[in-house]
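Since we're looking at a predicted model, the values are computed, not measured. Whatever order the structure lists ligands and atoms in, that order sets their numbers, starting from 1.
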Amino acid sequence: MITRDVISITDLTPETINVLLSDALEIKAGRRRSIPSGKVLALLFEKPSLRTRVSFETAMMSLGGQSLYLSPAEVGLGKREPIADVARVLSRYVDIIATRTFCHTTARELAQESSIPVINALSDVEHPCQVLADMLTIIENKGELSSLKIVYVGDGNNVANSLMLASAMLGVDFTIAAPDGYQIKDDIFDRANSYAQQSGARIIRMEEPLDAVSGADVIYTDTWASMGQEVKSRERCQIFSAYQVNSNLLCHAPENVIVMHCLPAHRGEEITDDIIEGPHSVVFDQAENRLHATKALLLYILGGLDISIGS
Ligand code: CP
Ligand code: NVA
C-alpha cells in the first residue's frame, strides 16, 4: 500500500483538495461508495473528541470498514511505550491510523515510523480534517471559493493555522485578527505566503477585529483556550475579550456573511449565543460536513469503489 500521510493540510496538493471537496459534495448528495473490504482504522487519541471520533467511526462503518478507538488512557504514546514501537505494532494490525496528539511532532513521528497511512486528527499545530469540512461548508454556502475573503477572529491556533494554509493553497483571501503574542507564527505565515504566490490569495495578519471583518464572506472563530491550555483559560478570556464574535462585530461585516466555528464552542466567550443560534451561523452544517469530508479522505487514502444503486 502507498503510504499517504496527512499530518499537515499541505501534505495534500491543492488539486487533491479540490478533488476531495467535489467527492465529498457527491457523497453528501447520495453517491454510494465503499472502501475495499476488511479495512480497519485505529483512532489513537490523546485528547477528547466528539466530532472527529464519531465522524471517523461512522465514515468507516458506512464505507464498509471497521474502527478501533484507543482512548487517552490506553496506549500511553511515548510514556508507556515509545512512539516508534506503537507505530510499528499498529502497522501490523490495522490499515490506517487517525491520531489526536498534544504535540505535532508525535503525529509526525508516528507517520514516519508506520508503514500504513497516518492522518492527523488534531495536534497543537494543525487540524487538517477540520479545514476540509470547512471548505466544503463554504462552497455550499458561497459557491466557488475563488474571490472569497475568510476572516478568522481570535487565537492563532491549530485550526487557524490549517485554515490559513488551506486558504492560501486554494486561492482564498485570508485575514486573521489576533492579539499581539497570539498570532499565527512566522513559519506557518511564510509557508502560506509561498502558496499564495502561486494561487493569488492575499494572506494578512492584523490585530484590529472590527477592521478585519470589513468585506468578509466568512467570519470564523474557535476557543480561546485549546485542549491542553485550560489552566490559562481565565487569563486568556481577558486577553481575547475584544475578539468576541458578537452582534457588534457583525455590524462591521457584510449582511450576507456566514459565521463558522469548529466546535466545541464556549458561548459567551469567543462567540455569543445569539450569533451561534442566529441566521448567519452555519456551525451545525459545518459539523455534519466533517462526516462527508472524512469519507472522501478515507476513500482517497484507502481506495474507493462505487456501489451501484440497488446492490
Ligand atoms: N471540531 C472538532 O474537532 O471537534 P472534536 O474535538 O469534538 O472532535
Ligand atoms: N483549537 C481547539 C480545536 C478543537 C476542535 C483545540 O485544539 O482544542
Enumerated ligand 1 atoms positioned under 4.0 Å from heavy atoms of [X]:
X	answer
Arg100	3 (O), 5 (P), 6 (O), 8 (O)
Leu50	5 (P), 7 (O), 8 (O)
His127	2 (C), 3 (O)

Contacts table for residues 247-263: side-chain donor-acceptor under 3.5 angstrom, sequence neighbours left out:
from: His252; atom 1: ND1; to: Asn248; atom 2: O; distance (Å): 3.0
from: His261; atom 1: ND1; to: Leu263; atom 2: N; distance (Å): 2.8
from: His261; atom 1: NE2; to: Glu270; atom 2: OE2; distance (Å): 2.7

Assess whether a salt bridge exists between [X] and [Y], defined as any Lys/Arg side-chain N lying under 4.0 Å from an Asp/Glu carboxylate O.
X	Y	result
Asp23	Arg33	yes
Arg205	Asp186	yes
Arg267	Glu277	yes

- request: Would you mind listing every salt bridge (Lys or Arg N to Asp or Glu O under 4.0 Å) that reaches into residues 63-84, with sequence neighbours excluded?
  value: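 Qualifying pairs: none.
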task: Determine the minimum heavy-atom distance between Ala111 and Val118, stating which atoms define it.
output: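 Scanning both residues completely, I find the closest heavy atoms to be CA-CG2, 3.7 Å.
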Side-chain donor-acceptor distances from residues 158-167 under 3.5 Å, at least two apart:
from: Asn158; atom 1: ND2; to: Ser123; atom 2: O; distance (Å): 2.9
from: Asn161; atom 1: ND2; to: Val125; atom 2: O; distance (Å): 2.9
from: Asn161; atom 1: ND2; to: Asn157; atom 2: O; distance (Å): 3.4
from: Ser162; atom 1: OG; to: Glu126; atom 2: OE1; distance (Å): 2.8
from: Ser162; atom 1: OG; to: His127; atom 2: N; distance (Å): 2.9
from: Ser167; atom 1: OG; to: Leu163; atom 2: O; distance (Å): 2.7

- request: For atom 4 (O) of ligand 1, find the nearest protein heavy atom and state the residue, atom name and distance (0.1 Å precision).
  value: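 Answer for atom 4 (O) of ligand 1: Arg51 NE, 2.8 Å.
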Does ligand 2 have any N/O atom under 3.5 Å from a protein N/O, and what are those pairs and their distances?
from: ligand 2; atom 1: 1 (N); to: Asn157; atom 2: ND2; distance (Å): 3.3
from: ligand 2; atom 1: 1 (N); to: Asn158; atom 2: OD1; distance (Å): 2.9
from: ligand 2; atom 1: 1 (N); to: Asp222; atom 2: OD2; distance (Å): 2.6
from: ligand 2; atom 1: 1 (N); to: Ser226; atom 2: OG; distance (Å): 2.7
from: ligand 2; atom 1: 7 (O); to: Asn158; atom 2: ND2; distance (Å): 2.8
from: ligand 2; atom 1: 7 (O); to: Ser226; atom 2: OG; distance (Å): 3.4
from: ligand 2; atom 1: 8 (O); to: Met227; atom 2: N; distance (Å): 2.8

- prompt: Do other residues, nucleotides or ligands put more than 12 heavy atoms under 6.0 Å from the CD atom of Gln198?
  reply: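 Not buried by this count: 12 neighbours or fewer within 6.0 Å.
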message: For Arg31, is the CZ atom crowded, meaning more than 12 foreign heavy atoms sit under 6.0 Å from it?
response: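 Enclosed: over 12 neighbouring heavy atoms sit under 6.0 Å from CZ of Arg31.
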task: Give the single entry among Arg290, Met227, Lys47 that approaches atom 2 (C) of ligand 1 most closely by any heavy atom.
output: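 The residue whose heavy atom sits nearest atom 2 (C) of ligand 1 is Arg290.
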task: Kindly confirm or rule out an N or O of Cys262 lying under 3.5 angstrom from an N or O of ligand 1.
output: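 Checking ligand 1 against Cys262, an N or O pair does fall under 3.5 Å apart.
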- prompt: Going by heavy atoms, is Leu263 under 4.0 Å from ligand 1?
  reply: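 A heavy atom of Leu263 does come that close to ligand 1.
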